[in-house]
Novice: 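Handing you this structure, nothing more for now.
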Amino acid sequence: MTHTDSRTMRRVLRREIAGTIGLLTDEHDFRAMRRYRSFTFDDHAAYLKHVEGLLRTRALQGSHTTVALFDPEEYAEFCTQKGLDPDNPSSRTRFTARLAVTGPTLPYEGQPLSDLLPALVDEAVRQATWEYATALLARLGDCASCGEDLGRAAFARASDLLVRILDTAPLGNRHLVCSVTGPPETLVAALHVADTDGDVKLDETEALEFTTVLALGLATESPGGLVIRASAPGNPDRVYGWRLRAYGLEPLTAGEVFDAYCTDVESGDLISPESNVDYCEPPDLGEVKPAQGHNH
């Protein structure tokens with residue numbers, strides 16, 4: 001009886017242990033891990049099938065599982081730094097445990113792996129974008145004239161602009177995209193804002209990432225833009241935007257917004273506009289435009 005009770009209690013405790021699985025999302029990363037003898041899988045499709053089966057089993061048992069993006073290069077660096085043997089399952093376990101805290105992760109909620117994989121990659125891109133933009137803002141240092149931290153000043157300015165944009169936006173759900181062009185690549189951040197009868201909800205992490213990318217564009221005077229799409233039941237979607245300037249945002253005309261949305265990026269050919277969409281000029285943000293560049 002005591003033995004049975006002990007097994008029952010262990011099953012109960014097992015359900016309360018949160019787990020993390022490091023996932024090799026693409027064939028290239030999978031091949032990189034095959035150089036280790038202790039990594040016994042030899043087919044990526046079969047590997048993904050086994051992972052999905054494990055995730056489903058844990059979910060049926062009532063266990064919570066987080067899925068993390070496993071990067072073989074980062075894993076090798078981790079093992080070198082920690083003095084670990086990379087060809088050892090316990091080393092992979094330690095690396096995965098660290099990913100649960102520092103890496104891009106998503107909770108498994110019963111969705112097909114075909115949906116989870118691209119979402120996990122998108123999460124990794126989002127995190128990398130935010131970390132890169134944050135690092136660039138930190139490198140700007142202090143203003144030579146007034147000593148103010150340029151990165152912090154730009155972030156405060158971007159935060160103020162975002163509040164003004166949301167306050168002046170039409171009621172309904174809003175989807176914002178900010179892009180900043182610069183070496184070595186263009187940074188893009190998106191923000192989804194749900195508005196149900198005046199109850200506005202947004203993801204704080206998304207808002208932080210969005211504001212950081214916008215701040216970088218303002219601080220570095222890099223080419224870029226910000227567009228918003230507002231959707232409300234029974235009304236056409238409204239699309240408008242601004243180009244980034246050192247002092248802030250410069251409104252795009254309705255024609256410029258139309259051209260941006262109705263031109264193929266790669267070929268430059270015109271494409272048909274979406275139905276039930278109003279390409280328009282942005283509302284007045286209700287601010288006095290500051291002087292060009294950093295304000296003292």
Side-chain angles (χ1 to χ4, degrees), residues 18-36 39 41-56 58-59 64-79 86 91-136 175-194 202-214 216 224 227 229 265-266:
T20 302
I21 293 177
L23 186 60
L24 297 161
T25 58
D26 61 45
E27 187 76 38
H28 178 269
D29 287 346
F30 181 82
R31 286 199 302 268
M33 290 302 295
R34 288 198 61 200
R35 66 175 178 262
Y36 303 122
F39 186 78
F41 291 96
D42 57 11
D43 180 80
H44 189 230
Y47 160 80
L48 292 177
K49 185 177 179 180
H50 283 292
V51 170
E52 187 163 27
L54 176 60
L55 290 170
R56 288 176 177 172
R58 286 181 55 82
H64 174 79
T65 308
T66 298
V67 181
L69 187 69
F70 195 104
D71 186 313
E73 291 185 8
E74 290 184 8
Y75 171 63
E77 292 175 3
F78 172 81
C79 291
S91 300
R92 292 196 289 274
T93 300
R94 289 184 59 176
F95 178 67
T96 301
R98 193 192 71 161
L99 290 179
V101 179
T102 63
T105 62
L106 287 177
Y108 175 71
E109 298 174 331
Q111 67 271 51
L113 211 55
S114 57
D115 293 339
L116 184 61
L117 289 180
L120 186 59
V121 172
D122 287 346
E123 183 67 20
V125 171
R126 278 181 48 192
Q127 181 169 317
T129 297
W130 174 73
E131 290 176 350
Y132 180 68
T134 300
L136 290 183
H175 177 67
L176 294 79
V177 176
C178 179
S179 61
V180 174
T181 302
E185 59 186 337
T186 298
L187 300 181
V188 179
L191 177 62
H192 307 270
V193 182
L202 54 80
D203 184 284
E204 292 184 1
T205 301
E206 269 193 6
L208 175 61
E209 294 165 350
F210 187 92
T211 306
T212 302
V213 171
L214 175 57
L216 181 64
V227 293
R229 180 171 186 147
V265 176
E266 295 183 357

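Just so you know, these numbers come straight off a predicted model, no measurement behind them. We're numbering straight along the sequence, starting at 1.
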Novice: Is there a side-chain contact between Leu191 and Cys178 in this structure, where contact means two heavy atoms from C-beta onward sitting under 4.5 Å apart?
Specialist: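 The answer is no; the side chains never approach within 4.5 Å.
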Novice: Heavy atoms, side chains only, cut-off 4.5 Å: are Leu23 and Leu117 in contact?
Specialist: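 The answer is yes, as the side chains (C-beta and beyond) meet within the 4.5 Å cut-off.
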Novice: Can you confirm whether more than 12 heavy atoms, excluding those of Arg94, are under 6.0 Å from its CZ atom?
Specialist: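 No, because the 6.0 Å sphere around CZ of Arg94 holds 12 heavy atoms or fewer from other groups.
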Novice: Would you say the side chain of Tyr75 lies within less than 4.5 Å of the side chain of Cys79, judging by non-hydrogen atoms?
Specialist: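 In short, these two side chains touch, coming nearer than 4.5 Å.
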Novice: For the CG atom of Leu99 and the OG1 atom of Thr66, what is their distance to the nearest 0.5 Å?
Specialist: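 Rounded to the nearest 0.5 Å, the CG-OG1 separation comes to 11.5 Å.
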Novice: What pairs meet the ring pair (Phe, Tyr, Trp, His ring centres under 6.0 Å) rule with one or both residues in residues 101-130, with sequence neighbours excluded?
Specialist: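 Checked against ring pair (Phe, Tyr, Trp, His ring centres under 6.0 Å) - neighbours excluded - no pair reaches residues 101-130.
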Novice: Does the side chain of Asp42 reach to within under 4.5 Å of the side chain of Arg34, using non-hydrogen atoms?
Specialist: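 Side-chain contact under 4.5 Å: yes.
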Novice: Establish, yes or no, whether a centroid distance under 6.0 Å links the rings of Phe30 and Phe41.
Specialist: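 Centroid distance Phe30-Phe41: not below 6.0 Å, so no.
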Novice: Look up atom OG1 in Thr96 and atom CZ in Arg92, then write down how far apart they are to the nearest 0.5 Å.
Specialist: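 Here the rounded value is 8.5 Å.
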Novice: Return the CD to CG distance between Glu209 and Asp203, rounded to the nearest 0.5 Å.
Specialist: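 Atom-to-atom, Glu209:CD and Asp203:CG are 7.5 Å apart.
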Novice: How far apart are the closest heavy atoms of Thr105 and Glu123, and which atoms are they?
Specialist: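 It is O-CG, 4.0 Å.
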Novice: Could you give the distance from CG (Leu54) to CD1 (Ile21), rounded to the nearest 0.5 Å?
Specialist: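 These two atoms lie 4.0 Å from each other.
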Novice: For Tyr47 and Leu24, which heavy atoms make the closest approach, and how far apart are they?
Specialist: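 Looks like OH-N, 3.0 Å.
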Novice: Test side-chain contact (heavy atoms from CB on, under 4.5 Å) on Val177 and Val188 and set out the steps.
Specialist: CA-CA 7 Å; Val177 176; Val188 179; 3.8 Å; yes
Novice: Which heavy-atom pair separates Arg58 from Gly19 by the least distance, and what is that distance?
Specialist: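 Heavy-atom minimum between the residues: NH2-N, 3.4 Å.
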Novice: Quick one: are Arg126 and Glu206 in side-chain contact, heavy atoms under 4.5 Å?
Specialist: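 In short, these two side chains touch, coming nearer than 4.5 Å.
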Novice: Quick one: are His64 and Pro107 in side-chain contact, heavy atoms under 4.5 Å?
Specialist: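 Yes, close enough: below the 4.5 Å cut-off.
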Novice: Starting at CG of Leu176, measure out to CZ of Arg229 and round the result to the nearest 0.5 Å.
Specialist: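 Nearest 0.5 Å value for the CG-CZ distance: 12.5 Å.
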Novice: For Val213 and Ala133, work out which heavy atoms get closest and say how close.
Specialist: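 Smallest interatomic distance, heavy atoms only, reads CG2-CB, 4.4 Å.
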Novice: Which pair of heavy atoms, one from Pro104 and one from Leu120, lies closest together, and at what distance?
Specialist: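 So the two residues come closest at O-CD1, 3.8 Å.
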Novice: Considering all heavy atoms of both residues, which atom of Arg35 and which atom of Ala76 are nearest to each other, and what is their separation?
Specialist: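 So the two residues come closest at NH2-CB, 4.3 Å.
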Novice: Would you check if Leu55 and Leu113 make a side-chain contact, meaning some heavy-atom pair closer than 4.5 Å?
Specialist: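 Side chain of Leu55 against side chain of Leu113, heavy atoms only: contact under 4.5 Å found.
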Novice: Does the side chain of Leu208 reach to within under 4.5 Å of the side chain of Glu204, using non-hydrogen atoms?
Specialist: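 No. Closest side-chain heavy atoms not under 4.5 Å.
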Novice: Measuring from Gln127:CD to Leu69:CG, what's the distance to the nearest 0.5 Å?
Specialist: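 Gln127 CD to Leu69 CG: 9.5 Å, rounded to 0.5 Å.
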